[in-house]
2 protein chains.
Amino acid sequence: MVGRLGRRLIAMELPILARHEVSMWAYVVLNGLSGGAVRTQAALAASIGADKTRLIPILDDLQDRGLISREPDPGDRRVRLLGLTESGRELHRAVQAEIRDAEELLMAELPAADRDAFVRTLSALGG
Amino acid sequence: MVGRLGRRLIAMELPILARHEVSMWAYVVLNGLSGGAVRTQAALAASIGADKTRLIPILDDLQDRGLISREPDPGDRRVRLLGLTESGRELHRAVQAEIRDAEELLMAELPAADRDAFVRTLSALGG
DNA sequence: TATTGTTATACTCTATAACTATA
DNA sequence: TATAGTTATAGAGTATAACAATA
């Protein structure tokens with residue numbers, strides 16, 4: 001059942017992401033940077049559960065589109081400082097809002113108590 | 001959160017499946033046949049959300065191990081009648097029981113009301 | 001000609017290993 | 001020598017297309 005719900009959520013999200021021309025991983029990256037700048041690509045990869053090599057083409061694309069900043073750290077020029085640009089932050093907000101609206105719609109018919117318990121339990125079980 | 005829970009459940013199930021030497025897809029097939037015989041491989045594939053070509057090596061293996069029956073339908077020799085053998089049914093029961101025990105353990109600390117609401121909501125949202 | 005199952009092929013995603021640059 | 005990032009390669013998983021058997 002968890003798997004079916006997951007597939008349903010993905011099917012719901014993909015058109016939203018496609019409309020904004022971001023892949024699922026690109027959105028996860030924007031999400032990972034939305035809490036604040038990250039000092040290394042490896043740290044970002046670990047925090048979102050991705051491989052560091054998988055990240056590179058995604059970061060290349062986001063940078064080309066001006067959605068993220070990615071500069072060498074002056075203090076250690078091996079590492080890249082990562083952050084959202086203003087338009088990156090705006091895009092993330094827009095996509096996140098649409099996804100939240102879709103989730104609201106999906107759960108609209110549920111009793112409020114069930115819904116609260118569901119989110120609480122998800123949070124407890126997901127770690 | 002749904003994704004994280006899904007990954008956690010899979011991580012929990014994989015050792016159980018490995019101990020019984022069945023892959024995730026093989027277990028899904030056993031599950032799909034546990035409700036009764038299925039008349040065509042394509043129908044089974046559709047019911048479990050798999051591609052019909054993906055099914056073939058899985059069915060080959062399950063048949064070699066005597067866990068499923070797979071005979072041409074005498075009435076239309078293009079189609080294969082699929083069902084569990086006695087040992088297939090027994091294996092399915094054993095694996096399912098272990099997975100359920102693990103799920104119980106995972107949810108043991110939850111308040112009973114939250115737990116009921118969670119399962120009810122999953123069922124409602126998953127279709 | 002249409003359908004079931006099968007095989008062969010190609011494509012996507014992911015991980016591993018080798019390489020460059022900085023330290 | 002060790003580490004961050006990158007590139008190249010290989011592997012798994014999946015889907016697409018061609019094929020064989022039967023209707």
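Chain letters run A, B, ... following the sequence lines, proteins first and then strands; every chain starts at 1. Fair warning: this is a prediction, and the values are worked out from it, not measured in the lab. Heavy-atom basis, side chains included; hydrogens, waters and symmetry copies ignored.
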Name the pairs: protein N/O against N/O of nucleotides 15-17 of chain D, kept only if under 3.5 Å.
residue: D:dA15; atom: OP2; partner: B:Arg54; partner atom: NH1; Å: 2.2
residue: D:dT16; atom: O4; partner: B:Thr53; partner atom: OG1; Å: 3.4

Using a cutoff of under 3.5 Å, can you pull out all pairs of nitrogen or oxygen atoms linking the protein to nucleotides 21-23 of chain D, with atom names and distances?
residue: D:dA23; atom: OP1; partner: B:Arg77; partner atom: N; Å: 3.0

Check this for me, if you would: do [X] and [Y] make a salt bridge, where the nitrogen-to-carboxylate-oxygen distance has to be below 4.0 angstrom?
X	Y	result
B:Glu109	B:Arg115	no
A:Asp73	A:Arg78	no
A:Asp116	A:Arg120	no

Side chains of [X] and [Y]: closer than 4.5 Å at any heavy-atom pair?
X	Y	answer
B:Thr121	A:Thr121	no
A:Leu33	A:Arg89	no
A:Ile56	A:Gln41	yes

Handout entry: Leading and trailing nucleotides of DNA chain C with any atom under 4.0 Å from heavy atoms of chain B
Key =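 Boundary nucleotides touching chain B, in 5' to 3' order, are C:dA2 to C:dT7.
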
Between [X] (side chain) and [Y] (backbone), is there a donor-acceptor pair under 3.5 Å?
X	Y	answer
A:Arg80	A:Arg39	no
A:Ser47	A:Gly32	no
A:Ser123	A:Val119	no

Fill in the blank from the handout: With A:Leu91 as partner, the option from A:Thr85, A:Leu62, A:Val22 fulfilling side-chain contact (heavy atoms from CB on, under 4.5 Å) is A:Val22

Handout entry: Residue of the set B:Leu30, B:Ile58, B:Asp61 for which side-chain contact (heavy atoms from CB on, under 4.5 Å) holds with B:Trp25
Key = B:Ile58

Practice task
Enter the inter-axis angle for the ends of the helix from C:dT1-D:dA23 to C:dA23-D:dT1 (five pairs per end, rounded to 10°).
Solution key: 20°

Problem - Atom-to-atom span, CG of A:Leu44 to P of D:dA4 - whole angstrom - result: 14 Å

Handout entry: Nearest-0.5 Å distance that lies between atom CD in A:Glu104 and atom CD1 in A:Ile99
Key = 13.0 Å

Exercise for the section: Return the residues of residues 23-33 of chain B meeting this criterion: a heavy atom under 4.0 Å from some atom of DNA chain C. Order them by number, or give none. Expected result: none

Handout entry: Other residues, nucleotides, ligands: >12 heavy atoms within 6.0 Å of B:Glu90 CD
Key = no

Handout entry: Pairs where residues 91-120 of chain A contributes a residue and the test ring-ring contact (aromatic ring centres under 6.0 Å, His included) is met, not counting sequence neighbours
Key =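 For residues 91-120 of chain A: A:Tyr27-A:His92, A:Phe118-B:Phe118.
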
Handout entry: Criterion side chain to side chain contact (heavy atoms under 4.5 Å, CB included) on A:Arg19 and A:Ile16, from CA distance to verdict
Key = CA-CA 5 Å; A:Arg19 212 176 313 126; A:Ile16 297 173; 4.0 Å; yes

